[in-house]
Each structure stands twice: as structure tokens, then as C-alpha cells.
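Ligands are counted one by one from 1 in listed order, and the atoms in each one are counted from 1 as well. Please read these numbers as outputs of a predicted model, since none were measured by experiment. Residues take their numbers from the sequence shown, with the count starting at 1.
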Amino acid sequence: MRVYISIDLEGVAGIADRRQVNRGTDDYEHSRTLMAGEANAVIAGAFDAGAEVVVVNDSHGDLCNLRPADLDDRAQLQIGSVKRPNGMTYGIDAGFDAAMFIGYHAMAGTAGAVLEHSFSSATVADLRVNGASWGETEFNAAIAGGAGVPVVLVSGDDAACGQAAAALPGVRTVAVKQGLGYRSMRSLSPAEARNVLTENAAAALRSPLPAAFAPEPPYELEIDFLTTSMTEYAAVVPGARRPRPRTVAATATSTEELNRYLASFLDLAVHGLGI
Ligand SMILES: [Zn+2]
């Protein structure tokens, strides 16, 4: 069995504030340790359940947060920028049997959710596919699903877990903390979070695997940006439409194309920052 782990940071136990997730702050080094602890907890659970290969994809920020030497020796690490089109599911393919999304957070616009956003808190107000708002969990699950890989475990705060359970029938969720606001939470201790993650990672792989999340194409992608300037940049993409001043849209016929539209829109929109 081959297992793909996509690990973000905002949904890790003990993380509540933006200071903790940004490189260069005095909190950041400790956050890297917390992130590695949860990665190792899930790796251990996967091997307990008989995994032969476990790949960990660093999925936060510059995609370069985990210190390689911190990781369980049995796992392989994908790290480094730029991993495109979507750095959070980079390298996932049909050779994997199951995916796990660890340290994830709720989508942009979720009340009471810790550090909620959809791919970019600096630019994205809302992201929709076929009319439904999608966060990173839903979008990345669709990319995994396009490769036939089911998401079997999602962890994060209670809001992230609720959204995952609503979108992905049969997924197992682990809430390592309860969101009390955008920058506040009540968390399990890191040690207890790791215990629960190890147990649930193993249980998820020992249970019948759920179906992959594979909504039928075409995929109508719409992104509402925070400013018209960001939207002007994004709308340059061939095939893009601009149904409203701050909304860019495109129709993808495959998850691969959907992924490319997302990356193109986001990478261009950042040029509108501060303008
Ligand atoms: Zn992140």
C-alpha cells in the first residue's frame, strides 16, 4: 500500500495565530517541530496498518517547512518551491492507494475557524466549483480523485473536519482543536493530538477505503478576488472570463486543467497586491 500525506500547518494542534505559521517569526521554529510531530504520528499509523511507501508532501506556504532530519526515516519527503501547478497535491498519481490531509484548515469565509482561507488569504475571498464553495480540502480531494486516489483522513480544527466530512463521504476526520475565532482556539496537547492521529491513520487504512472524490466534468471554476486589480491580472489567462469585476472564471474539462487554471489565476493575482 502506498500512502500520500499532504501536510499544511494552520490546522496543526497548538497553532492559532498567523505569527506561528510565517517564516521569520520567533514562533516559527517551534511550529515546524509541531508540524513534523503530526507528520510522524500519521506516518507511524500508516506503517502500523501495513503501508509499504509513505510520501509526505510539505503543503504550507513556501512548501519548505519540514526539516528533513525531523521526519521518520521510513517516509519520503517532498519539499521545496516551486511545486506547480498545485503544491499541495504535487506528485500525486494513480500509484497511490490513499491520501491523507493533515493540518488542514477551513475554507475562506468560515466563522470561528482558525486561520481559514482558500489557498491565499492575501488574494482570495471565495473559490467555487460548479457553484459550490470549495476550500483546499475539497479542491485537493478533487485533484487526488482525478488520479483515482481517495482521501481517507483529514485533520485540522473542528470546522475543517466538518467541511471535510460534508464533502467527502466516508472520510475519517480528527479535530485536534476547536476554533474559537480566526486567531484563537482550544487545542489538544501536541502529544495527545499525535496519539489520536496515529490511531486514526491506522484505522483509516484498515477500514474499507472510501470512493475517490470525483465529481463529473466539466468544472466551472470561479474565484472572487479581494480587489479588481488582482482580478485584472488573473483574467489575462487564455480562456478566462470575468463575469463580475472581482470574479474570474474558466471552464475545465479535467481535474488537470482545473489545477492549471487555479495555479495560473493565483500566480497572476499576486501582482495586484498593494495596487
Ligand atoms: Zn498553510
Determine, stepwise, if the pair D27 / T25 fulfils side chain to side chain donor-acceptor pair (under 3.5 Å).
-> CA-CA 5 Å; D27 291 305; T25 66; 4.9 Å; no
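Side-chain contact annotation: D62 with S81, donor-acceptor N/O pair under 3.5 Å absent.
Ion pair E199/R172 not flagged as a salt bridge, since none of the NZ, NE, NH1 or NH2 atoms sits closer than 4.0 Å to an Asp/Glu carboxylate oxygen.
The atom of H60 nearest to the Zn ion (ligand 1) is ND1, with the search restricted to N, O or S atoms.
Figure legend: R2 and F96 shown as a cation-pi pair, the cationic atom lying under 6.0 angstrom from the six-membered ring centre and within 45 degrees of its axis.
Backbone or side-chain N, O or S atoms of H117 do not reach the Zn ion (ligand 1) at under 2.8 Å.
With the Zn ion (ligand 1) as the vertex, OE2 of E10 and OD1 of D8 span 140° to the nearest 10°.
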